Amino acid sequence: VPPAQNILTGTYSGLKMLTFNNGQFSDKGNMEGLYESLRFLTADTEGNIWASHPYRGIYKISISADGKKYNTRLFTEKDGLPSKLDNHVFKIKNRVIFGTSTGAYEFDPLNNRFIPSSFLQPIMGNTEVRYMNEDGQGNIWFCSGKKIGMIDFAGGNPNPRPIYFSEITGQSLSGFENIYAYDKSNIFIGSEKGVIHLNYEN
């Protein structure tokens, strides 16, 4: 399946648009807007783009109709985040989840504020969330500080709880965490010393 024709990418200096035509990517160049590191992006179901910045907070981004410009609004602790520092954005189970130093948050559009995630807070509590990724079985892999864990949703688990892999604690690459769960026998984790291969079986 080919990717979408227009692909929004985040860079250290703002947003850039790529196009995909005839089996090839082409660079349409930088979009006009905030000159800021916007590396981590995800979209919500309303078409808003969200970007996290580790030192400034969370940006809500709207794209112009012609796809050449964008406007941003910055959200910080005055908008319900625990801090403007150490925030991260992910798409988990079709929700935009914001990882913070005190747990998972979601955006409440009715009150224009961030609130603790009604979905993940009961499972994870106030655990720091630096990284999240959903695998093909619906499990959620995450990094909390230097700890690596997984929330087991396989088979419609009615009582999912975090499972930590103590044997690889301290080995994730801070700021560049990455977990790719191909299947239960092949989970690949980026670390300071290379790639860790984890075999997870119930």
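Worth saying up front: this structure is predicted, and the values here are computed from it rather than measured. Along the sequence shown, the residues carry numbers beginning at 1.
Side-chain atoms of N133 do not come within 3.5 Å of backbone N or O of W141 as any donor-acceptor pair. Proximity of a side-chain donor or acceptor of S144 to a complementary backbone N or O of E128 within less than 3.5 Å is detected. Side-chain atoms of Q121 never come within 3.5 Å of backbone atoms of P116 as a donor-acceptor pair (strictly under, hydrogens ignored). D108 places no side-chain N or O within donor-acceptor distance of the main-chain N or O of N112, the cut-off being under 3.5 Å. The backbone N or O of G29 lies less than 3.5 Å from a partner atom in the side chain of D27, making a donor-acceptor pair.
Contact of the F165 side chain with the K147 side chain is not registered, since no non-hydrogen atoms from C-beta on lie closer than 4.5 Å. You'll find the side chain of T100 stays beyond 4.5 Å of the side chain of S83, heavy atoms only. Looking only at side-chain heavy atoms (C-beta outward), D86 and R130 come within less than 4.5 Å of each other. With a 4.5 Å cut-off on side-chain heavy atoms, L81 and N87 count as touching. Considering only heavy atoms from C-beta on, V96 stays 4.5 Å or farther from F107 through its side chain.
Expressed to the nearest 0.5 Å, how far CD of E134 lies from CG of N94 amounts to 9.0 Å. One finds the CD1 atom of I151 at 4.5 Å from the CE atom of M124 (value rounded to the nearest 0.5 Å). Taking CZ of F119 as the start and NZ of K93 as the end, the distance is 5.5 Å to the nearest 0.5 Å. From E36, atom CD reaches atom OH of Y12 across 12.0 Å, with rounding to the nearest 0.5 Å. Rounding to the nearest 0.5 angstrom, the gap separating the OG1 atom in T72 from the CD1 atom in I58 is 13.0 Å. D152 contributes atom CG, which lies 10.5 Å from atom CD1 of I140 (distance to the nearest 0.5 angstrom).
The shortest heavy-atom contact between Y35 and S13 is CE1-CB, 3.3 Å. Across every non-hydrogen atom of S117 and P122, the tightest pair is O-CD, 3.6 Å. The shortest heavy-atom contact between K16 and N30 is CE-OD1, 3.3 Å. Shown here for T19 and S26, the closest heavy-atom pair between the two residues is OG1-OG, 2.5 Å.
Evaluated for a ring pair (Phe, Tyr, Trp, His ring centres under 6.0 Å) with F142, the options F90, Y164, Y131 yield exactly one hit, Y164.
Between D79 and K84 there is no salt bridge, since none of the side-chain N atoms of the basic residue sits less than 4.0 Å from a carboxylate O of the acidic one. The pair E106-R95 counts as a salt bridge, with a side-chain nitrogen and a carboxylate oxygen less than 4.0 angstrom apart.
Around CD of E77, the count of heavy atoms belonging to other residues, nucleotides or ligands within 6.0 Å exceeds 12. Around the NZ atom of K69, the shell of radius 6.0 Å holds no more than 12 heavy atoms that belong to other residues, nucleotides or ligands. Open room surrounds CG on N22; 12 or fewer heavy atoms of other groups in view lie less than 6.0 Å from it.
In this structure, H88 and F40 have perpendicular ring planes: the angle between them is above 60°, well past the 30° mark.
Taken together through direct or relayed side-chain contacts under 4.5 Å among Ile, Leu, Val, Met, Phe, Trp and Tyr, L85 and Y105 form parts of separate hydrophobic clusters. No single ILVMFWY cluster, assembled from side-chain heavy atoms under 4.5 Å apart, contains both I115 and I97.
Under the 6.0 Å cut-off for aromatic ring centres, F114 and F98 qualify, their centroids lying closer than that.
Counting side-chain heavy-atom gaps under 4.5 Å among Ile, Leu, Val, Met, Phe, Trp and Tyr, the cluster of L8 also holds L15, M17, M31, L34, L38, L41, I49, Y59, I61, I63, Y70, L74.
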